[in-house]
There are 2 protein chains.
Amino acid sequence: MMFSKACEYGIRAAVYIALQSLDNRRVSVNEIAEEIDSPVAFTAKILQQLTRNNIVHSVKGPTGGFEIDREAMDTVKLSKIVKAIDGDKIYVGCGLGLKECNADRPCPLHDKFVDIRTDLRTMLQSTSLYELATGLEVGLTYLKR
Amino acid sequence: MMFSKACEYGIRAAVYIALQSLDNRRVSVNEIAEEIDSPVAFTAKILQQLTRNNIVHSVKGPTGGFEIDREAMDTVKLSKIVKAIDGDKIYVGCGLGLKECNADRPCPLHDKFVDIRTDLRTMLQSTSLYELATGLEVGLTYLKR
DNA sequence: TCAATAAAGGACATTTTTGTCCGAATAATA
DNA sequence: TATTATTCGGACAAAAATGTCCTTTATTGA
């Protein structure tokens, strides 16, 4: 609706990893894909991106898997994940697809989009993985279905 | 960023047609594509959808083309165009791609999305083609570049 | 040291979106 | 009536997004 599939999986995966890391559990791609109901191999690709961008931490070999340290859960905001996967088109692009569209030379929808986009950006920049993971932990929210 | 390319072109085309219809000018696909800077043949396809959905009116043959009558400019809101081309996923879908996601069983981002989505829907449902066309007419907004 | 387990990475496959091309249908006008 | 300009519709093509498979690399623990 707003993010690519890859980004949706990425966010769900990161939140699940955060949740498990709160219990000091490292999780494998297989477990993640199972728990967030996503295609395994594709999810693995996305996790690679998250790892390269230092959003999650990965460990190879037996007992390996993905984890997020407690500090990163606070500092990593959704905006970082979205940017790593979908780039900054959500923030930058014109709603009607014009290459140049700004207050000086706005498309017909420019002003109407400004507020919505600002709200979206603010939300993404202020929402941490920790916040999302704890909602899950308490059973208030879900990652499947 | 938010709409498909097809939808972006569709909105731009509709606004341009509305603008020209204010001058009682019927416009061809070629002129439209030229003026909104979009691929001609693809734009033609999208115009077919708009026609089938009674968003614009088309006339075949010489002197033919597309037009929107003055009344429709007021009654046709952006929401109708978006729905005709992109369906209702903007309104309905879950931000994280869950099949089932609602107040009872929300995804971790559900509440945070509610407001943004409501604002978006309200904006689309209240913005008419007339409003957008007149902004263009006065030279306040642009459809190209 | 060796077997097993997990992520990393590259090549490939499928699906969806975006985009093109061309013939048919329609209507104006000379 | 013939010509011409236009939309309509179907088939096709290209590009991007989504998704799979398999080999390599790292690491653990027996």
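To find a chain, count down the sequence lines: A is the first, B the second, and so on, and within it residues start at 1.
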Using a heavy-atom cut-off of under 4.0 Å over every strand shown, decide if B/Val56 touches base, sugar-phosphate, or nothing.
nothing

Classify the nucleic acid contact of A/Arg52 as base, sugar-phosphate or nothing, counting any heavy atom under 4.0 Å across all strands shown.
sugar-phosphate

Length of the NZ-C1' vector between B/Lys60 and C/dT26, whole Å
5 Å

What is the distance from NZ of A/Lys45 to C1' of D/dT23, rounded to the nearest Å?
11 Å

Phosphate-side-chain proximity, A/Gln48 and C/dG9, N/O vs OP1/OP2 below 4.0 Å
yes

Does the distance from a Lys or Arg side-chain N to an Asp or Glu carboxylate O, for A/Glu100 and B/Arg145, drop under 4.0 Å?
no

Take atom CZ of A/Phe42 and atom C1' of D/dA17, then tell me their distance rounded to the nearest Å.
7 Å

Polar contact flag, side-chain donor to acceptor under 3.5 angstrom, B/Glu31-B/Tyr16:
yes

For A/Ile46 and D/dT18, what is the distance between atoms CD1 and C1' respectively, to the nearest whole Å?
9 Å

Closest-nucleotide 5' rank along DNA chain C - winner of A/Gly61 and B/Asp86:
A/Gly61

Think A/Ser58 has a side-chain N or O under 4.0 angstrom from the OP1 or OP2 of C/dA8?
yes

Is the phosphate of D/dG19 approached by A/Tyr9 (side-chain N or O, under 4.0 Å from OP1 or OP2)?
yes

